[in-house]
Amino acid sequence: MLRMMFKRLGRDFYERWAVDVAKDLLGKLLIRRIDGRVLVGRIVEVEAYRGSDDPASHAYRGKTERNKIMFDRGGLAYIYLAYGIHRLLNVTAEPPGRPAAVLIRALEPIDGIETMMRFRGTSDLRALTSGPGKLTEALKIGLELNGLDLTMSDELFIADDGFKDFEMGSSPRIGVRDRRKWRFYIKGNGFVSRP
DNA sequence: ACTCCGATTGGCT
DNA sequence: GCCAATCGGAGTA
């Protein structure tokens, strides 16, 4: 059903201004291999966090045990526990020394949907991956994958299938004073989180 | 040491 | 719309 020729994203894709990385991640395929299965989702919503100038970023106040991955190279998985319950997947961006990350906020389920439904415990396609905490559960992405190099790993990586025919929308992130629009989504897509 | 808050979600009123 | 679940980090003392 799905083409096997994936163009995997390399280091140079990730080590750029995080806002551009975020925008360019829209439409890309997030691929997860687990238990001999392949789970695929199309990235439809993202959010950029720049440690140096974003007070809401984990890295804004310096390096800690939790956020240290953000200070490493671009193209790594930064996964952390939110509200003590949900695992959130980020992709680190920008070169070493410039802490930044892009939160993957929603996917459109593409392949391995039955398995995702089993992992999520629901058959509701709409609710399967339409949120940052939901998609990690659907793809069984846990804290053990924190720090994984997405340019090298076969367990988890991002690929470009060349499909770019969509319109991008943006919305101001809640809680940020200057209202910078660092949240991006594919317009009209039914799998974005609470539109 | 103690308190508050958050890059969330699902269930209940 | 409200709220609990549950943990790391930051601010206060």
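Throughout, a chain's letter reflects where its sequence line sits, starting with A, and its residues are numbered from 1.
- Between the C1' atoms of B/dC5 and C/dC3, the separation comes to 15 Å (whole Å).
- In this structure, A/N146 atom CG and C/dG8 atom C1' are separated by 13 Å, rounded to whole Å.
- Of the charged side-chain nitrogens involved, none lies within less than 4.0 Å of a carboxylate oxygen, so that A/R42 and A/D161 do not count as a salt-bridged pair.
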Stepwise side-chain contact (heavy atoms from CB on, under 4.5 Å) check, A/R50 with A/W17: CA-CA 9 Å; A/R50 297 214 341 126; A/W17 188 40; 3.3 Å; yes
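- In this structure, NE2 of A/H58 is placed 16 Å from P of C/dC7, rounded to the nearest angstrom.
- The partner of C/dG9 is B/dC4, by the rule that a Watson-Crick or G-U pair needs both atom distances under 3.5 Å.
- Using a 4.0 Å heavy-atom distance criterion, A/N67 is classed as making no nucleic acid contact.
- If you measure from atom CG of A/L135 to atom C1' of B/dT9, you get 13 Å, rounded to the nearest angstrom.
- Nucleotides C/dG1 and B/dA7 have their C1' atoms positioned 22 Å apart, rounded to a whole Å.
- For B/dT8, the OP1/OP2 oxygens have a side-chain nitrogen or oxygen of A/R105 closer than 4.0 Å.
- The aromatic ring centres of A/H58 and A/Y80 sit less than 6.0 Å apart.
- With C/dA10, B/dT9, B/dA7 as the choices, the nucleotide that has an atom nearest any side-chain atom of A/T64 turns out to be C/dA10.
- For A/R66 and B/dG6, the shortest distance from a side-chain N or O to OP1 or OP2 is not below 4.0 Å.
- Rounded to whole Å, the distance from CZ on A/R61 to P on C/dA10 is 7 Å.
- Taking atom C1' in both C/dG8 and B/dG10, one finds a spacing of 23 Å when rounded to whole Å.
- Nucleic acid contact for A/R87: none, since no nucleic acid atom lies under 4.0 Å from a heavy atom of the residue.
- Nearest nucleotide to the side chain of A/I85, out of C/dC7, C/dT6, B/dA7: C/dT6.
- Taking atom CD of residue A/E45 and atom P of nucleotide B/dT9, one finds them 9 Å apart after rounding to whole Å.
- Remark: A/E144 CD is packed, more than 12 non-hydrogen atoms of other residues, nucleotides or ligands lying under 6.0 Å away.
- For the pair A/E65 CD and C/dC7 C1', the interatomic distance rounds to 15 Å; values are reported in whole Å.
- Salt-bridge formation is detected for the pair A/R8/A/D154: a Lys NZ or Arg NE/NH1/NH2 atom is positioned less than 4.0 Å from an Asp or Glu carboxylate oxygen.
- At whole-Å resolution of the value, CG in A/L88 and C1' in C/dG8 are 14 Å apart.
- The NE2-P distance, from A/H86 to B/dT8, rounds to 10 Å in whole Å.
- Here the side chain of A/Y83 is nearest to one of B/dG10, C/dA10, B/dT8, namely B/dT8.
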